[in-house]
Structures are given as structure tokens and as C-alpha cells.
Amino acid sequence: MERKDFETWLDNISVTFLSLTDLQKNETLDHVISLSGAVQLRHLSNNLETLLKRDFLKLLPLELSFYLLKWLDPQTLLTCCLVSKQWNKVISACTEVWQTACKNLGWQIDDSVQDALHWKKVYLKAILRMKQLEDHEAFETSSLIGHSARVYALYYKDGLLCTGSDDLSAKLWDVSTGQCVYGIQTHTCAAVKFDEQKLVTGSFDNTVACWEWSSGARTQHFRGHTGAVFSVDYNDELDILVSGSADFTVKVWALSAGTCLNTLTGHTEWVTKVVLQKCKVKSLLHSPGDYILLSADKYEIKIWPIGREINCKCLKTLSVSEDRSICLQPRLHFDGKYIVCSSALGLYQWDFASYDILRVIKTPEIANLALLGFGDIFALLFDNRYLYIMDLRTESLISRWPLPEYRKSKRGSSFLAGEASWLNGLDGHNDTGLVFATSMPDHSIHLVLWKEHG
């Protein structure tokens, strides 16, 4: 057939084909296909793929593509990234999707980061770390060896761990290297706290002492308690030191002068924990910026104002049972907004503005878990066998790590949490350093540390 005749014939057929019903069109195509050879079928196959398969992600406006992607879960999105370079580019640049995915994993979000591809990389790092936690592979262990008698007191700050021992010494360790930075002769230590220049110790000899790291000299000796001093805290700005004792009292001292300013009474058990902290919320009894003292015994937590007026009165007494049938464990968290303490019934969280109990987190029946650290996203807990991480949003345990037979103490100062910022959400940088430390029967210190990212 000549080209001109063919074009005329094709026009006529096209007009007729368009006038057919859909069913008739389908029958016509079926008949034409049945008459076609291999060359025609291959041609048909190649053209149908182009006509039927549209890359909607490439054709849609970017904003509409981002909207559609928000409905997919992160794992599906990662699979979609393998479709083509164009899909990978679009999906990787969908900041809101990856930020949300990171938040759901418990990661902190810095909105100031402008790099469009940044958050997909963060998510990949986050999913790896969370997988390590789930598979019990996120941590590693180490030991500090140097004391010759029971280590009873531990305190951690900024990569340095202080240990106080019955061998009449206190040592300051660099956790990252395991090296002893300072070692000074002291009294028997039941509690320690330090900064760059000094060390404050509470002792079984009923006294508190202040020591200079560089020279090892005792610069102050605080006498007045009639029982062992189990907890100390101090504030250089206020020039105040506080101590909790087995004599059921809390004493407030002038840090530089060494004189006793006040003795706070009301406890009927050993005072095992004292905490000085700035208030961060407003209530009828205190304002943001006010210094607050918390003291805890076996059954109660007492709240005291600390400021210009030294003769302070107890603002409030908190407990979990009026009949004292439930004991508080000697671990206390206070960040200026919330008070958290563990008991046999679970974790109790109080709102510091109202003193109301916000929630009680029931611990699993398989273990009586004790509190180590508490944040906005995670809590660090432990029992006789394991270290646990709890996701506070779901109140579920997401990881555990085996612990050796550590030295147990009812008072609770033989073990502590390390770095705490990750409890408010991981960010890819704060999951480093010390997680947990405990004294061992052989007088060494067992350390649990974050393992470096794979």
C-alpha cells in the first residue's frame, strides 16, 4: 500500500475506532493483537510501558511530593530511595519526614540545621544506634583498679569519676583513659562531690571535709553530726554546703568558713540524700531561680527553701504511703521541675510546681527496678542483674545490659549513672562516655560505657 493510501486508510479507521464503544474497542485491539507478529508485539510492549508508567514523584511539584511522602514509614522510604537517583534526591531532601522519624526514635532535633540532606543521615545513624540497644550491643565495659579497700562513694562529672574508699583515700579518674588524675589521703568516705579545685567528702567518722586536689591539703573540717554523713552537696555561689546524716538531721554550713548555719530536723530515719538545685517553675511557695534543698530518708522527701534566710522551714513532705508501708529507694532525681524517686511500687514523678504526683510508672513484675537517671525521653534503671533503658513515652524497656556481682548498698551510693544528657533524647553526639559505674567486691570500679558508632 502506498504511503498516501495508507494515511487515508488510517484516518478512516481512526474515525471509525473512535466511534466504537469501549467494549468494541477492546475486541478490536484483541483481534489486531492476535494478527500481530513478534515485531509488532515487541513494539507494542515498549510503547505501553512509556504510556502507562508515569514517574509521579518526578512530575509532581516538590511540595506535593513531600506531602505524599509523609504518609510512608521510614523503612518504606529507604526502599523507595533505591528506585532511582531522582527519587533518592527528593526523598532525602524531605526534612520533615526524617525529623519526625528521628523524634519517634527518641532523638533530639536541632531546627537550626539547614542542610536538606542532613536529617536522613541522622536517621540512618539513629536507627543503627537503636538497633544496637535492642540487640544489647550498644555498650562496652572497663575497670578502674587502684584502691586497696572497699569503695563506698562515687561521683561523676564531665568525664571524671571520683571514688572514695575505706583505704583512707579518694581518687579522681579520667574515664576515657582509665588514668588516675589525682589521689589524696582522706578519711573514710561515705559520700563525695568535687569540682576542678576541691573535693568535699562525707565520712563514717561523722564529719564533712573539704580538700584541695592539687596539694591534698584539708582546707575545712565540718564537725557537728553525731552519725555517719551519707550525702553532701554544695553551691559556691551561695557559699553553702549541706549534709545528710544517720543522726536524722540535715546541716547547712558556710562552705568557706566551715561554720554550721542551721540544723534541719524532722526526719525520723537516716538522711541518705541531699540535693541543692535551682527551681525552674513558679508556685505559691517558690519562684524560678530560688535555690531549693531536697532531703530524703527511707520514707519521705522533704523540701526546704535555701536562700538569704538560713532559718528555713520545711515547705512540703512527700511520700508514697501515709502508713510508711512502702519504702523509697535511696535514689533521687530533681532537675528544678520534677522530682522522681523509685519505690517497690514503681517510679513516682512529682510536679514541683504543685507537688502533685504526675504519674506512677509500674516496673515489670520480673524485677524490682531502681532509678539511676531520668530525662524527658529515657530513664536509666537497674536491678541485681541488669542495667535497663526505659522509653518514658511508652513506659517500655527497650534495652538491657548484664551487670556483674557488684557491691550492694542499701544506701545506694555504690553505683551511679554517668552522662545524663542523652536521657533527654539522643542526638548522635551525646551517646559517648560513661553510662554506669559501680564498686566491686575486689575494690575495683566496674564501668559501662557507650560503644562508638559502627
Side-chain angles (χ1 to χ4, degrees), residues 1-107 109-135 137 426-428 453-454:
M1 184 182 291
E2 296 292 332
R3 180 67 187 176
K4 184 175 181 182
D5 294 337
F6 172 73
E7 289 178 352
T8 302
W9 174 82
L10 189 61
D11 288 339
N12 293 332
I13 288 294
S14 299
V15 171
T16 304
F17 184 79
L18 291 174
S19 65
L20 300 177
T21 65
D22 285 339
L23 181 60
Q24 291 170 335
K25 287 179 181 178
N26 290 344
E27 290 181 2
T28 302
L29 290 174
D30 288 340
H31 183 68
V32 171
I33 290 173
S34 68
L35 298 174
S36 301
V39 174
Q40 288 75 44
L41 292 176
R42 189 179 304 112
H43 174 77
L44 184 63
S45 175
N46 292 337
N47 282 278
L48 280 175
E49 184 175 4
T50 304
L51 291 170
L52 295 177
K53 295 183 179 179
R54 298 293 182 92
D55 189 343
F56 67 91
L57 208 60
K58 185 176 180 180
L59 297 174
L60 287 174
L62 198 58
E63 294 80 4
L64 191 53
S65 295
F66 286 168
Y67 175 79
L68 293 176
L69 291 173
K70 287 193 296 185
W71 296 93
L72 299 179
D73 63 273
Q75 194 57 49
T76 301
L77 288 173
L78 290 176
T79 302
C80 291
C81 287
L82 303 176
V83 171
S84 67
K85 290 183 178 179
Q86 178 65 25
W87 278 46
N88 183 50
K89 182 179 179 180
V90 173
I91 294 171
S92 298
C94 191
T95 300
E96 184 179 350
V97 167
W98 298 113
Q99 282 187 339
T100 300
C102 289
K103 286 180 181 178
N104 290 339
L105 288 175
W107 282 57
I109 300 301
D110 182 0
D111 294 323
S112 65
V113 177
Q114 298 298 318
D115 181 6
L117 304 181
H118 172 76
W119 290 108
K120 181 190 170 189
K121 297 175 185 176
V122 171
Y123 175 78
L124 292 173
K125 193 173 184 179
I127 203 71
L128 172 62
R129 180 57 98 190
M130 300 309 291
K131 183 70 165 58
Q132 289 176 336
L133 285 171
E134 181 182 337
D135 294 341
E137 297 176 350
L426 294 160
D427 62 10
H453 281 274

Undergrad: Are Lys120 and Asn88 close enough that some pair of their side-chain heavy atoms sits under 4.5 Å apart?
TA: yes

Undergrad: Let me confirm one number: the OG-NZ distance from Ser19 to Lys25, rounded to the nearest 0.5 Å.
TA: 8.5 Å

Undergrad: If I compare all heavy atoms of Pro74 with all of Tyr123, which pair ends up nearest, and what's the gap?
TA: CB-OH, 3.1 Å

Undergrad: Could you walk me through whether Leu133 and Met130 satisfy the side-chain contact (heavy atoms from CB on, under 4.5 Å) test, starting with their C-alpha distance in whole Å, then the side-chain angles of each, then the deciding distance to 0.1 Å, before giving a yes or no?
TA: CA-CA 5 Å; Leu133 285 171; Met130 300 309 291; 3.9 Å; yes

Undergrad: Check whether any side-chain heavy atom of Leu78 sits under 4.5 Å from a side-chain heavy atom of Gln75, and report yes or no.
TA: yes

Undergrad: Which heavy atom of Thr21 sits nearest a heavy atom of Gln24, and at what distance?
TA: N-OE1, 2.9 Å

Undergrad: Would you give the length of the straight line joining atom OG of Ser14 to atom CH2 of Trp9, rounded to the nearest 0.5 angstrom?
TA: 8.5 Å

Undergrad: Compare all side-chain heavy atoms of Leu69 with those of Val90 and state whether any distance is below 4.5 angstrom.
TA: yes

Undergrad: Supply the atom-to-atom distance Ile13 CD1 to Leu18 CG, rounded to the nearest 0.5 angstrom.
TA: 11.0 Å

Undergrad: Report, as yes or no, whether the 6.0 Å neighbourhood of atom NZ on Lys131 holds more than 12 heavy atoms from other residues, nucleotides or ligands.
TA: no

Undergrad: Please examine the side chains of Leu426 and Leu105, heavy atoms only from C-beta on, and report whether any two atoms are closer than 4.5 Å.
TA: no

Undergrad: Taking atom CD of Glu96 as the centre, report whether more than 12 heavy atoms of other residues, nucleotides or ligands fall under 6.0 Å from it.
TA: no

Undergrad: Check Leu117 against Ala93 and note the closest heavy-atom contact, atom names and distance.
TA: CD2-N, 4.1 Å

Undergrad: Taking side chain as C-beta onward, heavy atoms only, is Val97 less than 4.5 Å from Trp119?
TA: no

Undergrad: Tell me if a side-chain donor or acceptor on Ser45 pairs with a main-chain N or O of Arg42 at a distance below 3.5 Å.
TA: no

Undergrad: About how many Å separate CD of Glu63 and SG of Cys94, when rounded to the nearest 0.5 Å?
TA: 11.0 Å

Undergrad: When you compare the side chain of Leu35 with that of Gln40, does any pair of heavy atoms fall below 4.5 Å?
TA: no

Undergrad: Which heavy atom of Trp107 sits nearest to which heavy atom of Asp427, and what is that distance?
TA: CZ3-C, 3.3 Å

Undergrad: Calculate, to the nearest 0.5 Å, the distance between atoms NE2 and CG belonging to His31 and Leu29 respectively.
TA: 11.5 Å

Undergrad: Does a sphere of radius 6.0 Å around OH in Tyr67 hold more than 12 heavy atoms from other residues, nucleotides or ligands, not counting ones at 6.0 Å or beyond?
TA: no

Undergrad: To the nearest 0.5 Å, how far apart are CG in Asp110 and SG in Cys102?
TA: 12.0 Å

